[in-house]
Asker: 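Encoded as structure tokens, here's the structure I'll be asking about.
No experiment lies behind these values; they were computed from the predicted model shown.
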Amino acid sequence: MTGARARGAGQRPGPELICPAGTPAALRTAVAAGADAVYCGFNDETNARNFPGLNFSRDEMARAVRHARERGVRLLLAVNTFPRAGAFELWTRAVDDAARLGVDAVILADLGLLNYAAHRHPDLRLHLSVQAAAANADAIRFYAETFGVKRVVLPRVLSVEEIAAINDAVACETEVFVFGGLCVMAEGRCSLSSYATGRSPNMNGVCSPASHVAYREEGEELVARLGDFTIDRVPRGAPAPYPTLCKGAFAAGGYRGHVFEDPASLDAATLIPQLADAGVAALKIEGRQRSRAYIEAVVGSFRRAIDAHAAGRPLPAGDLRRLSEGQSATTGAYRKTWR
Amino acid sequence: MFRSDREGRRAAGAGDGKPGIPTVPPRAAELLALLPRPALRWALQRLVAGVGRRHPDLFERLGEHASATFLIDPTDLPVAVRLWPRPEGPQVEIVGRPVLRSAWHARIAGPLAALLGMIHGRLDGDALFFSRDLAIEGDTEAVLALRNALDDAELDLPDEAAACLGPLSPLVARPAGLVVPLAERMTGVALSRAGRPPL
């Protein structure tokens with residue numbers, strides 16, 4: 001088992017805790033709440049959370065790097081969308097600026113950009129984004145051997161047993177999501193948002209962009225629309241849905257329900273021991289688009305859980321469901337109970 | 001002034017088991033309705049203008065959405081606020097209900113305690129929305145931009161109010177440092193910023 005190797009990567013015992021930050025204030029909150037590393041993006045379409053009012057200017061990123069480093073926390077920069085043909089320079093500039101600003105690693109998904117970063121900035125540590133959907137040992141070995149990728153963020157489609165098998169077969173580190181929004185598609189390859197709105201997480205950094213989202217009260221129901229499509233309607237008192245197509249409710253053949261995926265969020269806190277035993281180097285929290293309140297609560301909860309596990313104590317009870325989409329949580333594919 | 005929600009809804013802060021979002025009792029709301037709107041508007045305008053001067057980064061984050069008209073709608077109060085967050089000088093107006101749909105581009109509605117909790121970084125806006133404690137209408141992108149800009153600004157309204165008083169600010173800040181935590185404990189409402197150092 002590769003647990004010892006994974007634990008050696010962090011400053012604290014146990015897997016590293018990788019936390020999101022969409023703003024400088026969120027970054028400071030994540031650092032204070034116990035993050036080992038914080039991941040951020042520039043305020044453009046080079047990252048997969050290109051939302052209004054979110055992300056970092058170059059100056060803000062420089063200050064964020066200093067703030068994190070002074071407190072022993074690493075800063076990872078996500079440049080994890082796929083460059084548009086004819087606009088590659090926007091993405092290469094992001095990688096160049098990441099190297100210039102001294103971030104601890106860049107999180108990339110695109111083969112061309114990986115190749116650029118590996119050759120232009122050989123000392124820049126490379127992580128493979130979940131957007132690359134590298135879900136088997138052969139694919140991971142290719143990225144590690146070809147581009148020198150040091151860590152791979154695994155897609156959220158693998159069981160704990162499959163993750164352990166991958167870790168036994170590869171030399172580079174792996175990182176897995178443990179909390180936040182779930183994506184049912186092969187990550188980085190979904191076109192549903194693009195179909196409905198013309199904009200996608202892969203190319204533009206936004207899934208179901210807010211510019212195309214509308215809510216309307218119709219009698220006792222809240223109706224959520226994305227572009228020209230009604231995605232869901234819920235009665236008074238039911239959790240409000242965010243209208244992503246994959247989590248919409250559909251009616252067909254007398255059945256009405258969530259055809260692709262329930263609107264629930266991932267919470268794998270109870271699986272921290274198993275994921276650590278499976279050799280995972282880092283546990284990642286999703287939610288760069290969320291507030292300081294979310295960051296403080298979720299990062300703090302996972303910090304306590306990881307520290308408890310590392311110290312051999314039982315995991316503390318934590319319930320973050322109220323912060324989750326659908327007000328409910330799942331362990332997702334980590335426990336494939338449907339098999 | 002505030003009371004806990006009796007309908008069993010729970011707050012959107014960390015974890016379960018917390019009391020619901022407190023609401024302003026109807027009697028207190030009725031008293032508020034008696035206050036002269038010009039005086040309310042004057043005080044709020046000073047506060048908002050001061051926030052704009054002290055936190056210019058807000059407008060960077062708002063970007064093009066600074067030209068939108070927002071309706072901030074505390075559903076447990078008899079009045080709402082129209083906000084024009086213009087970089088050259090944000091403006092507010094106190095409005096009674098009903099408010100015409102044509103009077104705003106984006107509406108954010110919920111109990112006053114939910115809105116204050118979100119401004120102070122103590123409650124998560126998405127979670128408030130998922131739990132239906134917060135409702136949004138109109139330009140969703142503008143709402144997100146405003147939420148993200150305010151969250152990054154780390155506002156503390158007692159500090160902002162004190163700063164409006166100029167040289168008299170220290171005279172108010174010290175008593176406020178004693179009264180605000182007490183009022184928070186009594187009401188369950190986030191009246192100050194998360195992690196605010198004691199004065």
Asker: When you look at CZ of B:Arg97, are more than 12 heavy atoms from neighbouring residues, nucleotides or ligands closer to it than 6.0 Å?
Answerer: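 Atom CZ in B:Arg97 is packed in, count exceeds 12.
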Asker: When A:Arg292 is tested against each of B:Arg193, B:Arg122, B:His120 for side chain to side chain contact (heavy atoms under 4.5 Å, CB included), which residue passes?
Answerer: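 Of all the options given, the one that passes is B:Arg193.
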Asker: I need the residue from B:Leu150, B:Thr140, B:Val143 with the largest number of non-hydrogen atom pairs under 4.5 Å to chain A.
Answerer: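 Max contact count across the listed options: B:Thr140.
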Asker: For chain B, which of A:Pro209, A:Gly237, A:Ala238, A:Ala214 has the most heavy-atom pairs under 4.5 Å?
Answerer: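 Of A:Pro209, A:Gly237, A:Ala238, A:Ala214, A:Ala238 has the most heavy-atom pairs under 4.5 Å with chain B.
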Asker: Checking heavy atoms, do the side chain of A:Pro241, its backbone, both or neither come under 4.5 Å from chain B?
Answerer: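 Contact with chain B involves the backbone of A:Pro241 alone.
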Asker: I need the minimum non-hydrogen distance between B:Gly121 and A:Ala293, along with the two atoms involved.
Answerer: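 The answer is O-CB, 3.5 Å.
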Asker: Any donor and acceptor pair, going by atom type alone, linking the side chain of B:Asp124 with main-chain N or O of A:Leu323 inside 3.5 Å?
Answerer: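 Such a contact is absent between B:Asp124 side chain and A:Leu323 backbone.
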Asker: Please report the interatomic distance CZ(A:Phe51) to CG(B:Asn148), rounded to the nearest 0.5 Å.
Answerer: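 So the CZ of A:Phe51 and the CG of B:Asn148 are separated by 9.0 Å.
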Asker: Find out whether A:Tyr294 and B:Asp126 are in side-chain contact, i.e. whether some heavy atom of one side chain is under 4.5 Å from a heavy atom of the other.
Answerer: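 They are not in contact (no side-chain heavy atoms under 4.5 Å apart), so the answer is no.
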Asker: Under a 4.5 Å heavy-atom cut-off, does chain B meet the side chain of A:Asn55, its backbone, both or neither?
Answerer: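 For A:Asn55, the contact with chain B is made by the backbone alone.
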Asker: Write out, in numerical order, the residues from residues 51-67 of chain B with a heavy atom short of 4.5 Å from a heavy atom in chain A.
Answerer: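 The list, in residue order, reads B:Arg61, B:His65.
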Asker: Just wondering, are more than 12 heavy atoms of other shown residues or ligands nearer than 6.0 Å to CD in A:Glu296?
Answerer: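 12 or below, so no.
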Asker: May I ask you to test the A:Leu222-B:Arg132 pair for a side-chain heavy-atom distance under 4.5 Å?
Answerer: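 Of all side-chain heavy-atom pairs linking B:Arg132 with A:Leu222, at least one is under 4.5 Å.
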Asker: Less than 3.5 Å apart, any donor N or O on the side chain of A:Ser291 or B:Asp151 sitting next to an acceptor on the other?
Answerer: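 No, no side-chain donor-acceptor contact under 3.5 Å.
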Asker: Answer yes or no: are there more than 12 heavy-atom neighbours, outside A:Tyr195 itself, under 6.0 Å from its atom OH?
Answerer: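 Count not over threshold, so no.
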Asker: Would you name the heavy atoms of B:Leu144 and A:Ala210 that are closest together and state the gap between them?
Answerer: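 Answer, listing the atom of B:Leu144 first, then A:Ala210: CD1-CB, 3.5 Å.
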Asker: So which of A:Ala25, A:Pro52, A:Ala26 has the largest heavy-atom pair count under 4.5 angstrom toward chain B?
Answerer: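 Greatest number of close heavy-atom pairs with chain B: A:Pro52.
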Asker: Please report the shortest heavy-atom distance between B:Glu137 and A:Tyr215, naming the atom on each side.
Answerer: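 Distance-wise, the nearest heavy atoms are CG-O, 4.2 Å.
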